[in-house]
There are 2 protein chains.
Amino acid sequence: MPNYDILTKSPVFRGLNSEQLSDCLRTVHIQMKSFRKDNLIVNAGEKVNQLYIIQKGSVRGEMLDYSGKVLKIEDIEAPRALAGAFIFGKSNVYPVTVTANNDVELLSIPKNEFLKLMQKEQTILINYLNDISTRTQFLSNKLHFLSFRTIRGKIAHYLMQESGSNSNTVELKHTQQQLAELFGVTRPSLARVLGELQREGLIVLGRKNIVINEKKRLSQLLEKD
Amino acid sequence: MPNYDILTKSPVFRGLNSEQLSDCLRTVHIQMKSFRKDNLIVNAGEKVNQLYIIQKGSVRGEMLDYSGKVLKIEDIEAPRALAGAFIFGKSNVYPVTVTANNDVELLSIPKNEFLKLMQKEQTILINYLNDISTRTQFLSNKLHFLSFRTIRGKIAHYLMQESGSNSNTVELKHTQQQLAELFGVTRPSLARVLGELQREGLIVLGRKNIVINEKKRLSQLLEKD
DNA sequence: GCAGTTTTGTAACAAATGGTACATTTCACA
DNA sequence: TGTGAAATGTACCATTTGTTACAAAACTGC
């Protein structure tokens with residue numbers, strides 16, 4: 001029941017066609033796993049012994065601090081790979097708790113079987129290197145983001161990043177609550193700072209977007225943080 | 001002038017002997033580079049087109065926020081590899097500024113040459129996967145660490161991590177200033193909280209160590225943060 | 001269009017941290 | 001052993017954020 005058409009679009013198998021992929025996968029032991037919405041897929045701290053590739057649905061990675069408070073790290077959607085960077089490495093342990101956002105199907109490939117695949121297909125090797133490297137870069141960005149001390153700084157950085165160089169409007173895909181979790185701050189604090197920035201004329205708050213009035217002054221906020 | 005004896009101890013070339021390594025490296029184009037103490041090796045934002053392996057000395061990776069304030073990320077010493085995870089991936093750009101801690105010699109291998117090496121020597125491939133995976137795990141830890149809101153939480157987490165499960169003494173390898181940078185807080189604030197924790201009887205501050213008196217209460221701090 | 005739910009705006013106060021300054025202690029080394 | 005530099009302890013106040021609470025506005029499903 002692996003869907004080769006979908007899986008060939010995964011970062012790991014990209015560049016192969018369905019036939020090539022099914023030929024490859026026939027030579028190794030694989031397994032399909034299913035999860036329902038909000039099911040726990042992996043708990044932080046579990047050992048990683050296989051590569052998971054999402055064939056259907058989307059999952060979220062969250063970090064739980066000791067009080068159970070949630071810091072959301074990211075969403076991963078089909079057909080991306082899960083925890084690719086944690087199969088190898090020293091501690092082979094999931095750093096985040098992974099939960100299903102909706103109905104999810106995973107392709108599971110044991111570590112040593114996946115090694116065989118990479119030895120066999122150079123395309124998979126290069127893809128895999130690209131994938132974990134991209135993940136590392138994502139973490140690095142996240143780290144950079146969290147390094148802003150103030151909420152103003154985080155907002156400024158977020159808006160500058162989301163708006164790109166040409167546009168002055170940022171479409172919001174998240175509620176304030178979700179944004180606050182992303183920033184690692186409380187919702188009222190975020191709302192307060194957003195309100196301040198609006199009163200100061202830097203931005204205009206819409207329901208589902210934010211218009212940047214003065215990009216220069218906004219970027220100056222970054223320099224003070 | 002590559003030193004094969006040292007390089008075989010690098011995470012990337014581990015498992016090969018000097019002869020095997022020199023044979024490998026003879027088939028590709030490599031280059032040696034030298035830097036003096038506090039020389040800039042790579043600026044954050046530069047493109048990554050080669051793998052650097054430190055043959056001699058140590059370097060530090062630092063993130064500069066826009067005001068020029070320094071957030072130290074890590075030290076990397078010979079014979080580890082540098083920015084291994086950023087050769088591949090989407091944005092091929094250094095996330096941190098790399099500076100020499102002392103006199104440094106680097107082995108530089110262009111990206112496509114390094115690909116050849118991995119195709120040729122499976123040992124190098126597996127080593128490389130382990131290396132970048134370990135780096136990702138390091139970043140993930142760092143992220144977890146920074147997610148603690150309060151200084152108390154960061155101190156508690158740091159001490160619990162450093163002391164391990166048996167010992168109650170943490171040897172300090174850093175000054176307060178260095179620790180403060182590691183934590184992303186100011187030095188006086190760190191000193192204040194350390195003082196508070198001592199007054200509350202949780203820890204005893206020494207010049208070059210910290211003794212944990214009540215491990216239970218310390219771990220409870222983590223739950224409140 | 002209405003009722004219930006979610007999202008947003010905002011206020012008042014508490015808590016935590018930053019910035020700055022300075023005295024004291026420790027360290028390095030001449 | 002003495003001296004200058006570095007590290008540490010601490011105090012004061014400003015700033016930022018958290019916490020809690022509540023009202024208004026916007027959505028949702030009927």
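Order of the sequence lines fixes the chain letters, A, B, ..., with proteins taken first and strands second; residue numbering starts at 1 for each chain.
The backbone N or O of B:S58 sits less than 3.5 Å from a side-chain atom of B:N102, completing a donor-acceptor pair. Side chain of A:T97 to backbone of A:A44: a donor-acceptor contact under 3.5 angstrom is found.
For C:dG18, the OP1/OP2 oxygens have a side-chain nitrogen or oxygen of A:R149 closer than 4.0 Å.
What separates CD of A:E181 from P of C:dT7 is a distance of 11 Å, to the nearest Å. A:R152 has its CZ atom 12 Å from the P atom of D:dT15, to the nearest Å. If you take CD1 of A:I151 and C1' of C:dT17, they are 13 Å apart, rounded to a whole angstrom. Between A:E196 atom CD and C:dT8 atom P there is a gap of 18 Å when expressed in whole angstrom units. Atom pair B:Q177:CD and C:dT26:C1' shows a separation of 17 Å (rounding to whole Å applied). Counting to the nearest Å, the C1' atom of D:dT16 and the CZ atom of A:F148 are 17 Å from each other. The CG-P distance, from B:L190 to C:dT20, rounds to 18 Å in whole Å. Distance CD (A:Q178) to P (C:dT6): 13 Å, rounded to an integer number of Å.
Atom NZ of B:K111 is surrounded by more than 12 heavy atoms from other residues, nucleotides or ligands within 6.0 Å. Other residues, nucleotides and ligands contribute at most 12 non-hydrogen atoms within 6.0 Å of the NZ atom of A:K9.
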key: Contact pattern, 5' to 3', of nucleotides 9-14 of chain D - B, S or - by protein heavy atom under 4.0 Å   = BBBB--

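Among D:dT19, D:dA7, C:dC27, the nucleotide with an atom closest to any side-chain atom of A:T186 is D:dT19.
Annotation for A:K37 and A:N101: closest pair CG-O, 3.5 Å, computed over non-hydrogen atoms.
In this structure, B:H157 and B:F145 have tilted ring planes: the angle between them lies in the 30° to 60° band.
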